[in-house]
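Accompanying notes for the structure given below.
Start at 1 and go down the list; that is how both ligands and their atoms are numbered. Being a predicted model, the structure only gives us computed values, none of them experimental.
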Amino acid sequence: MPQRQTRSAEEQRLLEKAKRYLPGGTLGNIRFSDDVAFVVKAGKGSKIYDMSGNEYIDYLLGSGPMILGHAHAAVVAAVRDYLERGSTYFTLNAPALELAEEICQAVPCAEKIRFCSTGSEATFFALRAARTFTKKEKILKFEGGYHGSHDYALMSSSPSVPKDFPRAVPDSAGIPRVLEDVVFIAPFNDLHTTSAIIERHHHELGGVIVEPFQRIITPRPGFLEGLRRVTQRFAIPLIFDEVVTGFRLAWGGAQEYYGVIPDLAAFGKIIGGGYPLSAVVGRADIMETFNPDRETSGDFIAQTGTLNGNPIAAVAGLATLRQLKTEGTYRRLFSTGEALRQGLLDLLKRYGVAGQVLGEDPLFDVVFTDEPVNDYRGVLTQNRELLRRFNAELLKRGILKGSSKIYLSVAHSAADVEQTLTAVQETFEVMTKA
Ligand SMILES: Cc1ncc(COP(=O)(O)O)c(C=O)c1O
């Protein structure tokens, strides 16, 4: 294990500022216990560095966008080259148009695109487009599925006590109660129950939204195909949330990877190359609801955003996509991920730890349960205390990951994998001794 530097006075001062000015001392929901809390100084490739000089192999990757690793030379050069031309215009610009074309050519369902700034906005406006197009107000989402932090999305994403399907449990205070009756909840990977809910409520359902690869749970063979069929049968727009999977599972996203084409999709993270940019894409007839020519028609969506099509984010996104497009890039991403997954699996077995590795090669994690996990309720069977200790012990050993995700980048090397597996081995030694 690399020797940890003691916390510098400067980092200590900044951590105190965090406590003083940020609620909970955090920018969102990621925070670490006081003994291992840190402030990032820089990121480069697969590593980030804290203010005291500690290095971490980074599997958090900014929550997903940094698929090339941090400060990739091509992205830095593209942004630097553009900066002198201004930062944002609120009107047509070449980088946004080039990115629009690149995404529409890559993603099977994407005939048209509307840019926004965050993944939450993209799912929010995709749902609004679907409801406008169908003139029906209710939506269906899946238990455990995460689509950002707006009021329709934060329903049964992480309920500690789930209700009977299709009833929704709000994940946050402050969500109007009336929305609990607007969102139906279905079990991921259970086509039978999902189809029954859709059949019963199709007359009021304006859209179905799904993470095609839900968190780290893969779709069972036939699930997405069946969902496509039943939504098509009732002409209900099917929305894939590709904020995570877009350009990660494949160049054309989860829809290419799993071979099922939705009507609409939400993209974010990778397409902005680490800058704030997201998009709704999809069928031209549904996307027409965004067309301002229809302003007086009654089925026009008011969607505008100060940073829509921001050129700096667009050049960063374009530079990222160009790197991803180069021969062998996805092969490398997948093979590094596969090596780490296999290593984790071997160590779980060697140490007799009850657990499994769920996911696909570019995104996965250990789930500490022997029960089959095909949906959110399966995840609930895991030993959360073990997961918490696993993450904390790894962080002490210079391995940074999300609370339940390991994101791979093309910058991760065989040496990173080896160092990570050594840290995992030490972690299992500690966890199985105690
Ligand atoms: C699948 C999915 N959809 C939507 C979002 C929301 O994106 P953002 O955090 O950019 O609002 C996230 C964020 O992690 C996500 O994982």
Side-chain angles (χ1 to χ4, degrees), residues 26-30 58-67 103 107 114-130 139-158 171-172 175 183 188 207-219 224 238-250 253-255 257-258 262 264-282 303 305-308 310 313-314 316-317 320 358-360 362-365 375-376 379 401-408:
T26 179
L27 296 173
N29 61 4
I30 185 143
D58 184 13
Y59 297 102
L60 182 59
L61 292 178
S63 187
M66 308 319 298
I67 193 165
I103 293 172
V107 177
R114 167 60 62 98
F115 287 117
C116 31
S117 298
T118 67
S120 299
E121 278 180 86
T123 62
F124 178 82
F125 289 117
L127 289 168
R128 188 183 283 175
I139 61 161
L140 180 140
K141 75 174 283 289
F142 290 86
E143 190 174 74
Y146 180 67
H147 306 294
S149 43
H150 56 82
D151 289 354
Y152 298 90
L154 281 184
M155 290 286 182
S156 294
S157 292
S158 53
D171 298 301
S172 168
I175 295 177
V183 180
F188 188 70
V208 170
I209 187 164
V210 65
E211 283 185 89
F213 164 60
Q214 185 173 291
R215 309 285 74 199
I216 51 170
I217 305 171
T218 52
L224 293 175
L238 176 62
I239 304 162
F240 275 9
D241 181 344
E242 296 243 29
V243 169
V244 165
T245 53
F247 293 94
R248 172 165 285 280
L249 293 192
Q255 51 198 279
Y257 190 70
Y258 296 121
L264 292 174
F267 280 71
K269 301 201 191 264
I270 289 174
I271 62 169
Y275 291 78
L277 186 139
S278 64
V280 182
V281 304
Q303 192 286 329
T306 302
L307 296 180
N308 280 10
N310 175 266
T320 301
L358 285 190
E360 302 281 5
L363 174 57
F364 52 87
D365 205 351
D375 58 16
Y376 174 74
V379 178
K401 65 184 280 295
S403 57
S404 51
K405 281 205 188 91
I406 292 175
Y407 275 111
L408 261 289

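Every N/O-N/O distance between E211 and ligand 1 stays at or above 3.5 Å.
Note on ligand 1: R215 sits in its first shell, one or more heavy atoms being nearer than 4.0 Å. At least one heavy atom of K269 sits under 4.0 Å from some atom of ligand 1.
The single protein non-hydrogen atom nearest to atom 10 (O) of ligand 1 is G119 N, 2.8 Å, given as residue, atom name and distance. For atom 3 (N) of ligand 1, the nearest protein heavy atom (residue, atom name, distance) is D241 OD2, 2.7 Å. For atom 12 (C) of ligand 1, the nearest non-hydrogen atom of the protein is Y146 CE2, 3.6 Å. Of the protein's heavy atoms, S120 OG, 4.5 Å lies nearest to atom 9 (O) of ligand 1.
Applying the 6.0 Å contact sphere to OH of Y275 captures no more than 12 heavy atoms from other residues, nucleotides or ligands.
For the 3.5 Å distance criterion, the side chains of R114 and Q303 qualify, holding a donor opposite an acceptor.
Here T26 pairs with nothing under the side-chain hydrogen bond (donor to acceptor under 3.5 Å, both in side chains) rule; sequence neighbours left out.
With respect to Y407, the side chain to side chain contact (heavy atoms under 4.5 Å, CB included) criterion is satisfied by exactly one of K269, M66, K401: K269.
Proximity of a side-chain donor or acceptor of D171 to a complementary backbone N or O of S158 within less than 3.5 Å is detected.
Close contacts of ligand 1 with H147, meaning ligand atoms under 4.0 Å from a residue heavy atom, involve 3 (N), 4 (C). With ligand atoms numbered from 1 in the order given, ligand 1 contributes 10 (O), 11 (O) to contacts under 4.0 Å with heavy atoms of T118.
Using the six-membered ring where Trp is involved, F247 and F267 have ring planes that are perpendicular, over 60° apart on the 30 and 60° scheme. Below 30°, between 30° and 60°, or above 60°: for F213 and Y258 the angle between ring planes is between 30° and 60°, a tilted geometry.
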